[in-house]
Amino acid sequence: QVQLVESGGGLVQAGGSLRLSCTVSGRRFSYNAMGWYRQAPGKQRELVATISAAGTTNYAGSVKGRFTISIDNTKNIMYLQMSSLKPEDTAVYYCKAIVPGADYWGQGTQVTVSS
């Protein structure tokens, strides 16, 4: 049983920065991969970035060079550092954990970028 809770969302001006956190609760957390996804109104949920247990990262082309995904395994927290934010980054951001035998999602956190 794994629970994910996102935090750090909010309102920021275009060009600004924001850091999202995904806190993982569980007796012992072992994952195959984790990632950040986002969903804007009227759009499908899309992949933003992923990180494997080996530390390999992957980014959507739209955020590459602006966003950085990382994990603090000691604290069981995954981060998404976002910079040079654009209005099109506005969405609800969700964290996802792929663990042996199951996938888990957080409740989401709203990010709004004003122009």
Side-chain angles (χ1 to χ4, degrees):
Q1 190 69 40
V2 177
Q3 291 181 308
L4 309 177
V5 179
E6 300 95 335
S7 63
L11 175 64
V12 63
Q13 291 186 334
S17 299
L18 205 61
R19 188 178 75 166
L20 306 182
S21 299
C22 175
T23 301
V24 182
S25 64
R27 180 173 176 80
R28 185 173 182 178
F29 181 60
S30 180
Y31 62 93
N32 295 330
M34 293 190 68
W36 287 97
Y37 295 73
R38 67 186 182 187
Q39 187 168 21
K43 297 183 179 180
Q44 298 183 78
R45 187 172 298 186
E46 64 176 356
L47 170 71
V48 175
T50 60
I51 183 167
S52 72
T56 301
T57 58
N58 185 50
Y59 298 90
S62 59
V63 308
K64 191 174 298 183
R66 300 188 298 119
F67 291 10
T68 301
I69 186 171
S70 63
I71 293 178
D72 184 332
N73 287 305
T74 300
K75 298 180 179 180
N76 289 339
I77 300 176
M78 178 174 67
Y79 300 98
L80 183 67
Q81 178 65 51
M82 306 182 291
S83 62
S84 300
L85 284 163
K86 305 174 181 179
E88 49 263 46
D89 293 319
T90 295
V92 176
Y93 284 70
Y94 300 89
C95 63
K96 178 184 179 181
I98 300 174
V99 303
D103 293 349
Y104 295 90
W105 292 89
Q107 84 290 344
T109 186
Q110 177 71 48
V111 172
T112 302
V113 184
S114 63
S115 60

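Values below: all heavy atoms of this structure, side chains included; hydrogens, waters and symmetry mates excluded.
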According to a hydrophobic-cluster definition based on side-chain heavy atoms being under 4.5 Å apart (Ile, Leu, Val, Met, Phe, Trp, Tyr only), do V99 and M34 belong together? yes

If Ile, Leu, Val, Met, Phe, Trp and Tyr residues are connected whenever their side-chain heavy atoms lie under 4.5 Å apart, and connections chain through other members, are V48 and Y104 in the same group? yes

Indicate the ring-plane relationship of Y94 and W105, choosing parallel, tilted or perpendicular according to the 30° and 60° boundaries. perpendicular

Out of curiosity, K96 NZ to W36 CH2, how far, rounded to the nearest 0.5 Å? 14.0 Å

Among the clusters formed by ILVMFWY side chains lying less than 4.5 Å apart, do V12 and V63 turn up in the same one? yes

Find out whether M82 and R66 are in side-chain contact, i.e. whether some heavy atom of one side chain is under 4.5 Å from a heavy atom of the other. no

Donor-acceptor pair, side chain of E6 and main chain of C95, under 3.5 angstrom: yes

Report yes if the side chains of V5 and S25 come closer than 4.5 Å at any heavy-atom pair, otherwise no. no

Pick out which of D89, L80, T90 makes a side-chain contact (heavy atoms from CB on, under 4.5 Å) with R38. D89

Do other residues, nucleotides or ligands put more than 12 heavy atoms under 6.0 Å from the CD atom of Q3? no

What's the separation between atom NZ in K75 and atom OG1 in T23, rounded to the nearest 0.5 Å? 10.0 Å

Point-to-point distance, once rounded to the nearest 0.5 Å, from CZ of R45 to CG of L47: 12.0 Å

Would the distance check show the side chain of Y59 and the main-chain N or O of I69 forming a donor-acceptor pair, the cut-off being under 3.5 Å? yes

Within this structure, what is the CE-CG distance for the pair M78 and L20, rounded to the nearest 0.5 Å? 9.5 Å

Q110 to A91 - nearest heavy-atom pair and separation: NE2-O, 3.4 Å

What pair of heavy atoms forms the shortest contact from G108 to V92, and how long is it? CA-CG1, 3.8 Å

Could you tell me the separation between the CD atom of E88 and the OG atom of S115, rounded to the nearest 0.5 Å? 10.0 Å

Answer yes or no: is there a side-chain heavy-atom contact under 4.5 Å between L85 and F67? yes

Kindly indicate whether the side chain of T50, heavy atoms from C-beta on, has any atom under 4.5 Å from the side chain of I98. no

Is the shortest side-chain heavy-atom distance between Y31 and I71 below 4.5 Å? yes

Grouping I, L, V, M, F, W and Y whenever their side-chain heavy atoms are under 4.5 Å apart, do L4 and I77 come out in a common cluster? no

